[in-house]
Engineer: 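Questions regarding the structure given below will be posed in turn.
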Protein chains: 2
Amino acid sequence: MNIGDVARQSGVPAKTIRYYEDIGLIRPNRSENGYRAFTENHVHKLAFLGRARALGFTIEDCRTLLSLYEDENHESMQVKAVAEDHLRQIEEKIAKLQSMRATLAELVEKCAGDHRPDCPIIEDLSPERLAK
Amino acid sequence: MNIGDVARQSGVPAKTIRYYEDIGLIRPNRSENGYRAFTENHVHKLAFLGRARALGFTIEDCRTLLSLYEDENHESMQVKAVAEDHLRQIEEKIAKLQSMRATLAELVEKCAGDHRPDCPIIEDLSPERLAK
DNA sequence: CATTGACCCTCCAGTAACTGGAAGCCTCAT
DNA sequence: ATGAGGCTTCCAGTTACTGGAGGGTCAATG
């Protein structure tokens with residue numbers, strides 16, 4: 001199978017597939033003409049990667065998950081550990097963003113948004129406000 | 001004032017201050033010895049930048065906000081527009097992360113996390129599940 | 001007066017995960 | 001044989017810094 005077919009079937013862009021080969025996530029063979037030659041298994045792996053990436057796992061996480069996916073004797077606790085760790089990081093990010101949102105939403109609401117210069121947003125960012 | 005003092009006073013690391021000069025966010029003078037020479041105004045600007053970055057504004061947003069901050073005749077609607085846009089993007093990110101969290105939390109909960117290989121997380125990521 | 005330690009300087013490289021684009025084969029159909 | 005796609009490699013750019021090497025400067029001390 002050529003890269004285009006694999007891209008269509010897995011949902012992973014050809015460019016990204018080449019990149020994944022570069023960093024050693026997949027290792028397709030080569031045809032005589034120099035084209036990458038993929039198997040069904042590669043399609044599976046790439047779909048797996050696409051799904052994992054969509055869940056926000058890092059490439060390094062993906063590398064780990066992929067090796068567990070391929071390992072018949074993996075223990076579910078290994079997988080769970082990776083996922084739990086990732087979940088924690090997502091929750092941290094959410095918390096940080098929510099705090100930003102709260103501040104921003106408040107400032108935006110207080111700002112008249114008219115032709116005058118007075119603006120609580122700028123004031124909040126300004127250090128002079130501390131001196132007042 | 002030297003960069004170290006400014007870093008302490010503004011809370012922005014020296015390394016970052018140099019970077020901000022590189023990309024034209026601030027323009028300190030130079031002393032005869034080649035050291036950057038900062039004024040109080042630079043400290044204000046850097047503190048402003050630090051605050052804006054903490055709220056998640058991009059550097060380009062910061063550039064805009066800084067110029068509005070410096071412009072006596074700015075209109076609050078200009079500021080509000082930038083902030084609203086940013087707020088929208090934050091909300092999008094939150095939504096995306098929350099959706100990831102929901103999926104992940106469910107999978108993590110369902111995973112036994114023991115020595116057996118069976119794992120709903122891996123299964124969810126696997127494309128074979130589609131064939132079943 | 002020389003040295004030491006704390007500052008400061010300028011590059012250069014690396015981070016994460018791609019993405020776009022140029023230049024140039026390969027293949028198949030007309 | 002020619003033209004449209006598809007494939008190849010390699011280089012550069014994205015975001016916002018951060019770390020480090022190699023090397024001046026300054027103030028105080030022995």
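In what follows, chains carry the letters A, B, and so on, assigned in the order in which the sequence lines appear, proteins first and then strands, with residues in each chain numbered from 1. Since the structure is predicted, the reported quantities are computational estimates derived from the model, not experimental observations. The figures here come from the full heavy-atom set of this structure, side chains too, leaving out hydrogens, waters and symmetry mates.
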Engineer: Taking all non-hydrogen atoms of both residues into account, name the closest pair between Arg27(A) and His42(A) and its distance.
Structural biologist: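 Distance-wise, the nearest heavy atoms are O-NE2, 3.6 Å.
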
Engineer: Side chains of Phe38(A) and Asn2(A): does their closest heavy-atom pair fall under 4.5 Å?
Structural biologist: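 With C-beta onward as the side chain, the pair stays apart.
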
Engineer: Quick one: how far along DNA chain C does chain A reach, first to last nucleotide 5' to 3', anything under 4.0 Å to a heavy atom?
Structural biologist: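 Contact boundaries, 5' end first: dA17(C) to dT27(C).
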
Engineer: Should Asn33(B) be listed as having a side-chain N or O under 4.0 Å from OP1 or OP2 of dC26(D)?
Structural biologist: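 Indeed, a polar side-chain atom of Asn33(B) lies that close.
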
Engineer: Which pairs, protein N/O on one side and nucleotides 9-12 of chain D N/O on the other, fall under 3.5 Å?
Structural biologist:
residue: dT9(D); atom: OP1; partner: Arg30(A); partner atom: NH1; Å: 3.2
residue: dT9(D); atom: OP1; partner: Arg30(A); partner atom: NH2; Å: 3.1
residue: dT9(D); atom: OP2; partner: Arg36(A); partner atom: NH1; Å: 3.2
residue: dT9(D); atom: OP2; partner: Arg36(A); partner atom: NH2; Å: 2.6

Engineer: Roughly how bent is the helix from dC1(C)-dG30(D) to dT30(C)-dA1(D) end to end, in steps of 10 degrees, with each end axis from five pairs?
Structural biologist: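 Comparing the axis at each end, I get an angle of 40°.
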
Engineer: May I ask you to list the residues of residues 89-100 of chain A, by number, that have any heavy atom positioned under 4.0 Å from an atom of DNA chain D?
Structural biologist: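 DNA chain D contact set from residues 89-100 of chain A: none.
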
Engineer: Using the rule that two of Ile, Leu, Val, Met, Phe, Trp, Tyr join whenever any of their side-chain heavy atoms come within less than 4.5 Å, decide whether Met77(B) and Ile121(A) are in one cluster.
Structural biologist: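 Met77(B) and Ile121(A): separate clusters.
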
Engineer: Please, which pairs that meet salt bridge (charged side-chain N to carboxylate O under 4.0 Å, His left out) have at least one residue in residues 57-67 of chain A, sequence neighbours excluded?
Structural biologist: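 Applying salt bridge (charged side-chain N to carboxylate O under 4.0 Å, His left out) to every pair that reaches into residues 57-67 of chain A, excluding sequence neighbours, yields Glu60(A)-Arg63(A).
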
Engineer: Hey, can you pull the residues of residues 54-70 of chain B with a non-hydrogen atom under 4.0 angstrom from DNA chain D?
Structural biologist: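 The stretch gives Thr58(B), Ile59(B) as the residues lying under 4.0 Å from the strand, ordered by number.
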
Engineer: What is the distance, to the nearest angstrom, from the OH atom on Tyr19(B) to the C1' atom on dT18(D)?
Structural biologist: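 From Tyr19(B) OH to dT18(D) C1': 11 Å.
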
Engineer: Over all heavy atoms of both residues, which pair between Leu49(A) and Cys62(A) is shortest? Give the atoms and the distance, please.
Structural biologist: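 Between these two residues, the closest heavy atoms are CD2-CB, 3.7 Å.
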
Engineer: Expressed in angstrom and rounded to an integer, what is the separation of Ile23(B) atom CD1 from dC17(D) atom P?
Structural biologist: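 Roughly 7 Å, once rounded to whole Å.
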
Engineer: Regarding Glu21(B) and Arg36(B), does a basic nitrogen lie under 4.0 Å from an acidic carboxylate oxygen?
Structural biologist: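 Arg36(B) and Glu21(B): salt-bridged.
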
Engineer: Calculate the interatomic distance between Leu25(B) atom CG and dA16(D) atom C1'; express it in whole Å.
Structural biologist: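 Taking CG of Leu25(B) and C1' of dA16(D), I get 11 Å after rounding.
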
Engineer: For dT18(D) and Thr16(B) - does any side-chain N or O of the residue sit under 4.0 Å from the phosphate oxygens OP1/OP2?
Structural biologist: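 For dT18(D), OP1/OP2 do have a side-chain N/O of Thr16(B) under 4.0 Å.
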
Engineer: Between Gln89(B) and Asp85(B), does any side-chain donor sit less than 3.5 Å from a side-chain acceptor?
Structural biologist: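 The criterion, which ignores hydrogens and geometry beyond distance, is satisfied for Asp85(B) and Gln89(B).
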
Engineer: Can you give the donor-acceptor pairs under 3.5 Å from side chains of residues 99-111 of chain B to other protein atoms, not counting sequence neighbours?
Structural biologist:
residue: Thr103(B); atom: OG1; partner: Ser99(B); partner atom: O; Å: 3.2

Engineer: Please list all pairs meeting ring pair (Phe, Tyr, Trp, His ring centres under 6.0 Å) that have one or both residues in residues 74-124 of chain A, counting only residues at least two apart or in different chains.
Structural biologist: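 Sorted pair list: Phe57(A)-His86(A).
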
Engineer: Kindly indicate, with the supporting measurements, whether the criterion side chain to side chain contact (heavy atoms under 4.5 Å, CB included) is fulfilled by Glu91(A) and Leu97(B).
Structural biologist: CA-CA 8 Å; Glu91(A) 280 168 352; Leu97(B) 286 170; over 6 Å; no

Engineer: For residues Cys119(B) and Val79(A), report the shortest heavy-atom separation together with the two atoms involved.
Structural biologist: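 Minimum heavy-atom contact is SG-CG1, 3.6 Å.
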
Engineer: Less than 4.5 Å apart, side chain to side chain, heavy atoms only: is that true for Phe48(B) and Leu65(B)?
Structural biologist: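 Yes, close enough: below the 4.5 Å cut-off.
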
Engineer: Closer than 4.0 angstrom, basic N to acidic O: yes or no for Lys80(B) and Glu75(B)?
Structural biologist: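 No, Lys80(B) and Glu75(B) are not salt-bridged.
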
Engineer: Could you walk me through whether Lys45(B) and Asn41(B) pass the side chain to side chain contact (heavy atoms under 4.5 Å, CB included) check?
Structural biologist: CA-CA 6 Å; Lys45(B) 282 200 207 175; Asn41(B) 192 305; 3.4 Å; yes

Engineer: Under 3.5 Å, which N/O atoms of the protein pair with N/O atoms of nucleotides 1-6 of chain D?
Structural biologist:
residue: dG6(D); atom: N2; partner: Tyr35(A); partner atom: OH; Å: 2.8

Engineer: For Tyr35(B), enumerate each residue passing the ring pair (Phe, Tyr, Trp, His ring centres under 6.0 Å) test, keeping only those at least two apart in sequence or located in another chain.
Structural biologist: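 Result, ring pair (Phe, Tyr, Trp, His ring centres under 6.0 Å) vs Tyr35(B): none returned.
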
Engineer: Applying side chain to side chain contact (heavy atoms under 4.5 Å, CB included), name anything that partners Ser10(B), two or more places apart in sequence or on another chain.
Structural biologist: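 Result, side chain to side chain contact (heavy atoms under 4.5 Å, CB included) vs Ser10(B): Val6(B), Val12(B), Ile17(B), Val43(B), Leu46(B).
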
Engineer: Can you list the residues that meet the side chain to side chain contact (heavy atoms under 4.5 Å, CB included) rule with Ala54(A), with sequence neighbours excluded?
Structural biologist: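 Partners of Ala54(A) under the side chain to side chain contact (heavy atoms under 4.5 Å, CB included) test: none.
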
Engineer: Would you please test Ser67(B) and Asp71(B) for side chain to side chain contact (heavy atoms under 4.5 Å, CB included) and show each step?
Structural biologist: CA-CA 6 Å; Ser67(B) 76; Asp71(B) 175 10; over 6 Å; no

